[in-house]
Amino acid sequence: MESIADKLKLLNCPEDMYPIAYKHIVSLNLISIEELEKILRLLLTKKIIVPRNGKILVEPADFCVLASGYDVINERINDMENIAHELDAYRERLIRMNSKSAISNLLAMKGMSEPYKTPEGKYSKVPFSIRRFTGKYGGIEMAKKNLKEISGKEKKKAKVEPPKVEEPKIETINVEPPKIDEPKAESAKKVESASKNSKVNVFEQILQSPQVQALNDETFDRFERLTDSTRRILYSVYGVDELNDIITDNIIKLVTSDLLPTDQDNLDASIIFAAITFGKNISEEEKVQIKKYIDEEMQFANNMNVELGRAA
Amino acid sequence: MKYLEELNFSPDVIAEILDNTPDKILSLLEKQEKLVSENIGYLRDLGVKNYQEIFIRYYDMFLLDNSNFKEIFEKYDRDDLIAKLEKNINIVEYL
């Protein structure tokens, strides 16, 4: 018999997260381990999920997506990629893959030149929620007609050129559950005993949860350091020192990515440059200016480290 | 999903559930009508006003055995839990 623990290990779920995962165990029960492997390969190939050491590949609340099965997930990905060209919507939130009408809603909004992203570049909730979509466009029958036409044409196109899927080996997934260090194990015990003996404060438990605890490590320090530097650089270049969500997200994605080389000089500088410039139409002149300020910032940070080292 | 109507779910909300739920889970939600109704009823009777939103987002949880389902929520102070769920249903993930 297939064990749920095997599936959770395949998902890289640490054991201290099992109580959270337990709530969504029904969804995991609906797929075989072979199918789960296939789905994970597909999601990794399409970079919808990113392998991370010590971090679960699919959040428990999103296990329901896996319950759709490989064929449905594959079709949704292909359609979103080839028809709507908005695969990032799934990268932003995996659960959106469950929405049966998301693609047609997105196409309809595009057809009507309606904004489907927020000014910050995040996807609006409207195309992924039938209530929000019909609430906003319920009376516009044209939208449905438009989307059927566009969808039909694009579907034919997509069939002529099937997407190339290069399947990575499943070995890329870290199946070993990460070691639990002492403070985390202690806090888990505290939660357990508190839940038995008295009522627990909800926020306290969130702060003690493995997901949030995972942020309180070296990666979080690095993220903070890089965002501080990026803020100073943006002030030097543009005169504003506020980071938008896209830049912050880019930094998080890059500092938590296992795909980055570890031996590259000035990796932090490369991350900041990519986070600021990715997806933007930036002139060569502007790029040179950004690089100049990044170099200055890195120099400043190095000098500070030397000073602190001396002081210590 | 007729039974959801009896639990005061509006047609819009039911349409949302049908659109955003994998077929295999929908089929289970249909089959396990009694269990799902019990779990929804428990949250509603506990005083959680946004129980429908919680069901839309975390429907698979409602297929848990009733005693296990109750255990998730029973360990918290009732008023504190209701207030926090009203502010942000995402905390369900951490309960």
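In what follows, every chain begins at residue 1, and chains take the letters A, B, ... in the order their sequences are listed. Keep in mind the model is a prediction, meaning the values are calculated, not measured.
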*Is the backbone of A:Asn78 close enough, under 3.5 Å, to the side chain of A:Asn82 for a donor and an acceptor to pair up by distance?*
yes

*Name all residues meeting the side-chain hydrogen bond (donor to acceptor under 3.5 Å, both in side chains) criterion together with B:Tyr59; count only those two or more places apart in sequence or in a different chain, and write none if there are none.*
A:Asn98

_Atom pair OH/CG of A:Tyr22 and A:Leu8 - distance to nearest 0.5 Å_ = 12.5 Å

_Determine whether a donor-acceptor pair (N or O, by modelled atom type, separation under 3.5 Å) exists between the side chain of A:Glu92 and the backbone of A:Tyr123._
yes

*Exam field: side chain A:Lys7 to backbone A:Leu28, donor-acceptor pair closer than 3.5 Å*: yes

_Exam field: side chain A:Ser101 to backbone A:Ser104, donor-acceptor pair closer than 3.5 Å_ = no

*Report yes or no: does B:Arg57 contribute a side-chain atom to a donor-acceptor pair with the main-chain N or O of B:Asn90 at less than 3.5 Å?*
no

*By number, which residues in residues 17-24 of chain B have some heavy atom less than 4.5 Å away from chain A?*
B:Leu18, B:Asp19, B:Asn20, B:Thr21, B:Pro22, B:Asp23, B:Lys24

_Minimum side-chain heavy-atom gap A:Val126-A:Tyr116 below 4.5 Å_ = no

*Can any side-chain N or O of B:Glu93 pair as donor or acceptor with the backbone N or O of A:Pro60 at less than 3.5 Å?*
no

*Which is it for B:Glu53 and A:Arg131 under the salt bridge (Lys or Arg N to Asp or Glu O under 4.0 Å) test, yes or no, and what are the steps along the way?*
CA-CA 12 Å; B:Glu53 283 295 325; A:Arg131 277 179 306 156; 3.1 Å; yes

*asked:* Checking the side chain of A:Lys23 only, and the main-chain atoms of B:Leu95 only, is there a donor and an acceptor separated by less than 3.5 Å?
replied: yes

*For chain A, which residues from residues 64-72 of chain B lie under 4.5 Å away (heavy-atom distances)?*
B:Leu64, B:Asn68, B:Ile72

_Is A:Val72 close to chain B through its backbone or its side chain, or both, or neither, when contacts mean heavy atoms under 4.5 Å?_
neither

*Return yes if some donor-acceptor pair links the side-chain N/O of B:Asp60 with the main-chain N/O of B:Ile25 below 3.5 Å, else return no.*
no

_Residues in residues 28-43 of chain B near chain A [non-hydrogen atoms, under 4.5 Å]_ = B:Leu28

*Apply salt bridge (Lys or Arg N to Asp or Glu O under 4.0 Å) to the pair A:Lys9 and A:Asp6, showing each step before the final yes or no.*
CA-CA 5 Å; A:Lys9 276 184 186 169; A:Asp6 289 339; 5.3 Å; no

